[in-house]
Colleague: 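Handing you a structure now.
Note on naming: letters A, B, ... go to the chains in the order of the sequence lines (proteins, then strands), and numbering restarts at 1 for each one. The figures that follow rest on heavy atoms only: side chains count, while hydrogens, waters and symmetry mates do not.
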Amino acid sequence: MITVRKFDAVIVGAGGAGLRAAIQLSEAGLKTAVLSKVFPTRSHTVAAQGGVAASLGNSEEDHWHWHMYDTVKGSDWLGDQDAIEFMCRKANEVVIELEHYGMPFDRLDNGRIYQRPFGGHMSNFGEKPVRRSCAAADRTGHAMLHAMYQRNIKANTQFFVEWLALDLIRDAEGDVLGVTAMEMETGDLYAFHAKATIFATGGAGRIYYSSTNAFINTGDGAGMAARAGIPLEDMEFWQFHPTGVAGAGVLITEGVRGEGGILRNSQGERFMERYAPNAKDLASRDVVSRAMVTEINEGRGCGPNKDFVLLDITHLPPETIMKRLPGIHEIALQFAGVDALREPIPVVPTCHYQMGGIPTNFKGQVVVPGKRSQNEIVPGFYAAGECACASVHGANRLGTNSLLDLLVFGKSAGESAVDEMKQSPKPHKELPTDAFDRTLERLNRLNTQKDGASVHETQLAMQRSMQKHAGVFRFADLLKQGVQKILEVQKDVERTEIKDKSQVFNTARVEALELDNLIEVAVATMVSAEARKESRGAHVRDDAPDTPERPDGRDDVNWLKHSLWFKDENRLEYKSVNLRPLTVDTIALKKRAY
Amino acid sequence: MNEQQRIRRERLRWHSRRALLELDLVMRRFWQSQPELLDDLQAEQLECLLAMEDHDLWELLSGRQEPADPALQGMVALLRQPTGF
C-alpha cells in the first residue's frame, strides 16, 4: 500500500542545493518537504573545502565578467554562456545572503570576507590570478550546510530524514507530480504529491572504482529522471583528481605536490619531467592525470598489477610534512598502510566530480527537446547542484564553482517554483492511475528474484568497467568494448537478489535500489563517451590528434554541442551550446591554454 | 540476535554512511571485520561516535585527537586499526 502525502513542493536531497532551494520555498510560505537518505548536515557537501567563488573584490579588484570568462574558458566552451553569466552575476548576492544566514566566513581585518586565490580564477580576462574564493577555514561546505539547515528549521521546512526517493511520478502529458519514496525506518511506501518537484541529489561518482566521493553519491536523481524518460546531458564529462590513494580513492590534496611531493613510476623515475618540463609535478590536474595513466598503460606502473604510481614525500623533512601537510600522514597510514615519512604513497587519478546531469535552464527548470524547441520545460520539474546540468561547468569545472553552482541554482530553482505557484495558482493535478507502477514493479522484482546476481559483485563489475573503459584517458577500442561490458552489467543489475527481505531498516534493499540508479549513470557515461569523437575538457581521447584546426583534439566544427542520452533504446541526441550570454558579448571560441 | 537488536544494528550500519569517504571506508572495514560481535555496550558507544560531526569524527579515528569520554576509547581503538585498503 502506498500512502499519499500532499505538499506544495518536494525536494529530494538535503545537501547545499536542496537546502538552498528549500529556504526559497518555505520562506515564501509554501508547504515544503525535503527528503534525504542521511541527516542533512551529513550530505557530501560537507567534503567541500576550497570555498565558494564570488567576485566581491574584497582584497583586490574583481568583476563578475572576468569570472564569467574564466568559467567559459574552464568549460572548454561547452558551458552555456547565458547560465554562466547568470551564475557569476548572482555570486555576490548568494554569498552575502549566506553571510546573513550566519555562515562564519574567514574575515579580513576590516571585517569583510577574506578571499583566497584558486586555480583558473583570474583577473582581467585571464591576465593573472585573483583572490575570489570565500571560505570558512577548511570546512566551508560543512559550515554552509549548518547555516542553511538552521535557516530551514526557522522557516518550517519539513524534513524527512532517512527516506529514499524511488521514482519520479509523471502523468500522460509529461508533467511531474512528485515522487514515490520509502521510509527506511519502517520500509513503508509513500507518494509525495507536489506541484513542484526539485531534484538536488548530488553526483554519482560511485560509478567508478576509484572515486573521491562518499558512498551516498549514487546518482539517485539522475537514475529516477532517466527511468521517467528525461535525458541526461553531457555525461561523458567527469573531473578526475590526479592523486587519490590507490584502491581507496581518498584525496591527497594538491598541496602535497606544492610542498615538493614527486610522482615516480616503477623505475623510480620522476616522469613528470618528460610530460611537463617546466611545471613538472605541479602541472594542471588533467596533464598530470594523463601522464600517470600513460605511465601505467605503458607498463611502468607500480605494485603487483602495475596499476598505480607513487607519490614520494620521503625526501621532505618530517617536520615540514607534519606541519604543512596535516592529515596526510594519517591518510597514508589508514588507507595505504604506508608510513609516508619513509615510503611513497600509491596513487591513481580518481573520479571527483560529475559535470553532466539532468538538463536545466538557468532558472533551474528541467528542459528536454520537444516539437517546438530543443529546450522545452518539463512542467513541475526542477533540478540543481551536481545532479543538474545548467550547463555552467561544460567539459570541465573550475574549483570553487561547485559551491557557487548549488547556491545560485538551488535558489533559482526554488524561485522559479515559487513564481509558478504564486503567479498561476492551480490545485494539484490528479495523480495518474499508473503513478506507482514503476516503483511497485521494481520492489516486487527485487523481493521475488531467485538465482539472481549479487548487489556487491555487480556494483564492483560496473565500477571496474567504468574505470578501465571510460577513465581519465580514453581509447576508441576500449570505449567500444566498454559499451558492451556495461550493457552486460546492466543485465545483472536487472536481476539483483537480496537475501534479507525484512521491512524495517533493510540496508541491503536500499543498496540494491541505489545500484538501479548508478547503472543508468554508468551506461549514459559510457555511451556518450564512446560517441564523442573529439577531446574537450575532461573528455580526452587518444585518437583525437592535436592539429592547428583542432587544438588539443577539440573539434568545434562537429562537436560543439551537448550530448543528450535517453534510457529509451540507449539513444543519443545532441543540442547546440548556447553561446549567447544574457547581456554581454559572446566569449569567442579559442584554444584553452593557461 | 533478536529483532530489536537486528534493527539497532542495521540502523548503526546506515548511520555509518557518512559525508566523507574517509569515514565510509573506516566504517566499512569495521562492519566487514566485526560481523556478529557487537554487544549492547559497543552498540551504545558506536551510537555516540556516529552522532558526531564528520570532521570531528575523522579527527578521532585518524588519531589526531583522543576521545573526550574515556569510555569511548575501546571502540575508537577498534575502529582505528590500520590494515590498508
Side-chain angles (χ1 to χ4, degrees), chain A residues 15 37-49 137-139 141-143 145-146 162 164 184-185 205-206 211-218 244-251 326-327 329-339 346 350 500 502-508 510-511 514, chain B residues 1-36 38 43 46-67 76-85:
Chain A
K37 292 197 287 190
V38 295
F39 193 76
T41 54
R42 271 182 220 139
S43 306
H44 193 50
T45 306
V46 164
Q49 297 183 351
D138 60 353
R139 295 191 180 185
H142 182 252
L145 284 184
H146 271 269
E162 291 168 358
L164 178 70
M184 292 174 60
E185 175 87 45
R206 298 307 307 175
S211 170
T212 66
N213 284 201
F215 292 178
I216 42 176
N217 288 22
T218 54
V245 174
V250 175
L251 199 82
H329 187 247
E330 287 84 359
I331 284 176
L333 200 59
Q334 277 281 346
F335 302 111
V338 306
D339 175 356
T350 299
D500 178 2
S502 60
Q503 278 297 102
V504 177
F505 245 107
N506 184 337
T507 52
V510 172
E511 283 165 8
E514 287 176 328
Chain B
M1 193 166 25
N2 62 33
E3 180 63 2
Q4 214 172 357
Q5 284 169 320
R6 187 197 72 82
I7 293 169
R8 186 180 196 186
R9 199 188 159 76
E10 285 296 291
R11 185 178 284 113
L12 278 170
R13 200 190 278 271
W14 186 252
H15 289 178
S16 302
R17 283 268 201 116
R18 311 299 296 193
L20 302 177
L21 176 64
E22 287 87 331
L23 292 172
D24 278 339
L25 293 168
V26 168
M27 296 314 299
R28 181 173 69 184
R29 179 179 62 190
F30 170 79
W31 288 108
Q32 283 171 350
S33 64
Q34 305 284 330
E36 299 295 331
L38 208 62
L46 201 52
E47 277 161 1
C48 279
L49 291 170
L50 294 177
M52 290 173 68
E53 298 286 355
D54 281 80
H55 290 290
D56 298 334
L57 183 56
W58 175 238
E59 291 278 300
L60 265 191
L61 299 189
S62 66
R64 299 183 67 207
Q65 295 280 336
E66 292 305 319
V76 168
L78 209 56
L79 291 171
R80 276 179 185 168
Q81 294 170 5
T83 52
F85 283 79

Colleague: Salt bridge check: are A/E514 and B/R17 linked by an N-O gap of less than 4.0 Å?
Modeller: yes
Colleague: Look at the aromatic rings of B/H55 and A/H142 and report parallel, tilted or perpendicular, splitting at 30° and 60°.
Modeller: perpendicular
Colleague: Using non-hydrogen atoms and a 4.5 Å limit, figure out which bit of A/H44 sits close to chain B: side chain, backbone, both or neither.
Modeller: both
Colleague: Can you tell which part of B/L57 gets under 4.5 Å to a heavy atom of chain A, answering side chain, backbone, both or neither?
Modeller: neither
Colleague: Can you tell me which portion of A/D500 sits under 4.5 Å from chain B's heavy atoms? Options are side chain, backbone, both or neither.
Modeller: side chain
Colleague: Please classify the contact between A/V245 and chain B as side chain, backbone, both or neither, with a heavy-atom cut-off of under 4.5 Å.
Modeller: neither
Colleague: Can you list the steps and then say if B/E66 with B/R80 is a salt bridge (charged side-chain N to carboxylate O under 4.0 Å, His left out)?
Modeller: CA-CA 11 Å; B/E66 292 305 319; B/R80 276 179 185 168; 3.4 Å; yes
Colleague: Using a 3.5 Å distance criterion without hydrogens, assess whether the side chain of B/R18 forms a donor-acceptor pair with backbone atoms of B/E53.
Modeller: no
Colleague: Among B/R6, B/R11, B/H15, B/E3, single out the residue with the greatest number of heavy-atom pairs under 4.5 Å to chain A.
Modeller: B/R11
Colleague: So which heavy atom on A/T212 is nearest to which on A/T350, and how close?
Modeller: N-CG2, 3.4 Å
Colleague: Answer whether the closest heavy-atom distance between the side chains of A/I216 and A/R206 falls below 4.5 Å.
Modeller: no
Colleague: For residues B/P67 and B/V76, report the shortest heavy-atom separation together with the two atoms involved.
Modeller: CG-CG2, 4.0 Å
Colleague: Check whether A/S43 gets within reach of chain B through its side chain, its backbone, both or neither, counting any heavy atom under 4.5 Å.
Modeller: backbone
Colleague: So for B/D54, is it side chain, backbone, both, or neither that comes closer than 4.5 Å to the heavy atoms of chain A?
Modeller: side chain
Colleague: Over all heavy atoms of both residues, which pair between A/T41 and A/L145 is shortest? Give the atoms and the distance, please.
Modeller: CA-CD1, 4.1 Å
Colleague: Quick check on the interface: out of A/V46, A/L251, A/D138, who has the most heavy-atom pairs with chain B under 4.5 Å?
Modeller: A/V46
Colleague: With a 4.5 angstrom heavy-atom cut-off, could you sort out which part of A/T45 is near chain B: side chain, backbone, both or neither?
Modeller: neither
Colleague: With a 4.5 angstrom heavy-atom cut-off, which part of B/L61 approaches chain A: side chain, backbone, both or neither?
Modeller: backbone
Colleague: Counting heavy-atom pairs under 4.5 Å with chain B, which one of A/A508, A/G249, A/G327 comes out on top?
Modeller: A/G327
